[in-house]
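Numbers here simply count residues along the sequence, with the first being 1.
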Amino acid sequence: QVQPVESGGGAVQAGGSLTLSCAISGIPTYQFSTYCLGWYRQAPGKEREDVAIMTRDGGTTYIDSVKGRFTISRDNLENALTLQMDDLEPKDSAMYHCWATPPPYHCYSSSPYSHRGQGTQVTVSS
């Protein structure tokens with residue numbers, strides 16, 4: 001059973017930083033690099049956003065609103081994923097979740113083949 005578990009959320013003031021971590025169990029280490037990984041967020045009353053994705057070949061994509069402020073990275077030896085969030089804004093407040101998608105499926109959080117964590121709350125005050 002693949003199980004992502006997030007940590008690192010919290011409350012910060014605008015302009016501050018947070019580092020979110022995701023430990024993903026249930027994937028053999030030699031297979032971990034074949035998974036596409038990502039972070040999505042969802043705020044009450046708003047649609048889910050796939051904020052940052054790290055593809056199987058190490059490429060990264062971000063939604064426009066976080067480009068230049070958020071950085072996604074992965075550790076294939078530790079089966080871990082990180083999201084560094086800098087210059088946070090109140091509009092970044094949401095529950096943040098990580099996910100893992102096995103090959104050969106398309107990498108998006110709502111895929112029926114993706115494994116999603118329970119999330120960690122990020123609250124940014126002005």
Side-chain angles (χ1 to χ4, degrees):
Q1 177 94 12
V2 178
Q3 183 60 61
V5 178
E6 304 90 343
S7 61
V12 296
Q13 290 190 327
S17 298
L18 282 173
T19 302
L20 304 185
S21 299
C22 178
I24 305 175
S25 60
I27 303 174
T29 300
Y30 71 92
Q31 289 185 341
F32 187 75
S33 63
T34 68
Y35 278 63
C36 175
L37 307 174
W39 290 91
Y40 73 94
R41 66 187 181 189
Q42 189 156 25
K46 295 188 177 180
E47 292 189 359
R48 175 188 299 189
E49 294 183 295
D50 286 357
V51 173
I53 299 171
M54 178 160 273
T55 61
R56 298 175 179 98
D57 62 0
T60 57
T61 60
Y62 301 91
I63 57 172
D64 286 346
S65 62
V66 308
K67 285 181 180 177
R69 300 188 297 120
F70 288 14
T71 305
I72 188 172
S73 60
R74 66 191 291 166
D75 185 334
N76 289 334
L77 295 180
E78 297 292 332
N79 284 27
L81 182 69
T82 300
L83 185 67
Q84 177 65 40
M85 306 187 296
D86 298 317
D87 194 19
L88 283 160
E89 303 172 1
K91 65 182 181 181
D92 295 318
S93 297
M95 185 72 80
Y96 283 71
H97 306 254
C98 63
W99 88 84
T101 308
Y105 304 108
H106 293 301
C107 189
Y108 56 99
S109 65
S110 56
S111 166
Y113 305 103
S114 294
H115 306 277
R116 294 167 290 274
Q118 294 297 309
T120 186
Q121 179 68 40
V122 172
T123 302
V124 185
S125 58
S126 57

K.L.:
List the residues meeting side-chain hydrogen bond (donor to acceptor under 3.5 Å, both in side chains) with Ser114, not counting sequence neighbours, and say none if there are none.
P.N.:
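So Ser114 forms a side-chain hydrogen bond (donor to acceptor under 3.5 Å, both in side chains) with Thr101.
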K.L.:
Compare all side-chain heavy atoms of Asp92 with those of Arg41 and state whether any distance is below 4.5 angstrom.
P.N.:
yes
K.L.:
State whether the number of non-hydrogen atoms from other residues, nucleotides or ligands found under 6.0 Å of Gln31 atom CD is greater than 12.
P.N.:
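Count over threshold, so yes.
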K.L.:
Just how far is it from atom OG1 of Thr19 to atom CD of Gln84, taken to the nearest 0.5 Å?
P.N.:
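Thr19 OG1 to Gln84 CD: 3.5 Å, rounded to 0.5 Å.
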K.L.:
What heavy-atom pair brings Leu81 and Ser73 nearest, and what distance separates the two atoms?
P.N.:
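Nearest pair, atom of Leu81 first, then Ser73: CD1-O, 3.2 Å.
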K.L.:
May I ask you to test the Ile53-Ile72 pair for a side-chain heavy-atom distance under 4.5 Å?
P.N.:
no
K.L.:
Could you walk me through whether Gln13 and Ser125 pass the side chain to side chain donor-acceptor pair (under 3.5 Å) test, one step at a time?
P.N.:
CA-CA 5 Å; Gln13 290 190 327; Ser125 58; 4.9 Å; no
K.L.:
Would you say the side chains of Arg48 and Ser109 form a donor-acceptor pair under 3.5 Å?
P.N.:
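A pair is found: one side chain offers a donor N or O, the other an acceptor, under 3.5 Å apart.
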K.L.:
Find the distance between CH2 (Trp99) and CD (Glu6) and round it off to the nearest 0.5 Å.
P.N.:
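Rounded to the nearest 0.5 Å, the CH2-CD separation comes to 11.5 Å.
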K.L.:
Without swapping roles, check the side chain of Arg116 against the backbone of Pro4 for a donor-acceptor pair under 3.5 Å.
P.N.:
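No: the side chain of Arg116 does not pair with the backbone of Pro4.
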K.L.:
Any donor-acceptor pair under 3.5 Å linking the side chain of Ser93 with the backbone of Val124?
P.N.:
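Yes.
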K.L.:
How many angstroms lie between OH in Tyr96 and OG in Ser7, if you round to the nearest 0.5 Å?
P.N.:
15.0 Å
K.L.:
Determine whether more than 12 heavy atoms belonging to other residues, nucleotides or ligands lie under 6.0 Å from atom CD of Glu78.
P.N.:
no
K.L.:
Quick one: pull up OG1 in Thr71 and OH in Tyr62 and give me the separation to the nearest 0.5 Å.
P.N.:
4.5 Å
K.L.:
To the closest 0.5 Å, what do you measure between CG (Asp57) and SG (Cys36)?
P.N.:
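Those atoms lie 9.5 Å apart.
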K.L.:
State whether the side chain of His97 and the backbone N or O of Gly117 hold a donor-acceptor pair below 3.5 Å, judged by distance alone.
P.N.:
yes
K.L.:
Distance check, rounded to the nearest 0.5 Å: Ile27 atom CD1 versus Asn76 atom CG?
P.N.:
10.0 Å
K.L.:
Where is the tightest heavy-atom contact between Ala100 and Leu37, given as atom of each residue plus distance?
P.N.:
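Distance-wise, the nearest heavy atoms are CB-CD2, 3.6 Å.
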K.L.:
Please name the pair of heavy atoms, one in Glu47 and one in Gln42, separated by the smallest distance, quoted to 0.1 Å.
P.N.:
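Taking Glu47 first and Gln42 second, the nearest heavy atoms are C-NE2, 4.1 Å.
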K.L.:
Same hydrophobic cluster for Met85 and Tyr40, using side-chain heavy-atom links shorter than 4.5 Å among ILVMFWY?
P.N.:
no
K.L.:
Restricting to non-hydrogen atoms, name the atom on Asp87 and the atom on Arg69 that form the minimum distance, rounded to 0.1 Å.
P.N.:
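Minimum heavy-atom separation between Asp87 and Arg69: O-NH1, 3.0 Å.
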K.L.:
Side-chain heavy atoms nearer than 4.5 Å, only ILVMFWY residues, links allowed to pass through others: does that put Met95 and Val122 together?
P.N.:
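In one cluster: no.
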K.L.:
Do Leu88 and Phe70 touch side chain to side chain, with heavy atoms closer than 4.5 Å?
P.N.:
yes
K.L.:
Can you name the nearest heavy-atom pair linking Thr55 to Arg74, along with the distance?
P.N.:
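Result for this residue pair: O-NH1, 3.4 Å.
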K.L.:
Search all heavy atoms of Trp39 against all heavy atoms of Leu20 and return the closest pair with its distance.
P.N.:
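Nearest pair, atom of Trp39 first, then Leu20: CH2-CB, 3.6 Å.
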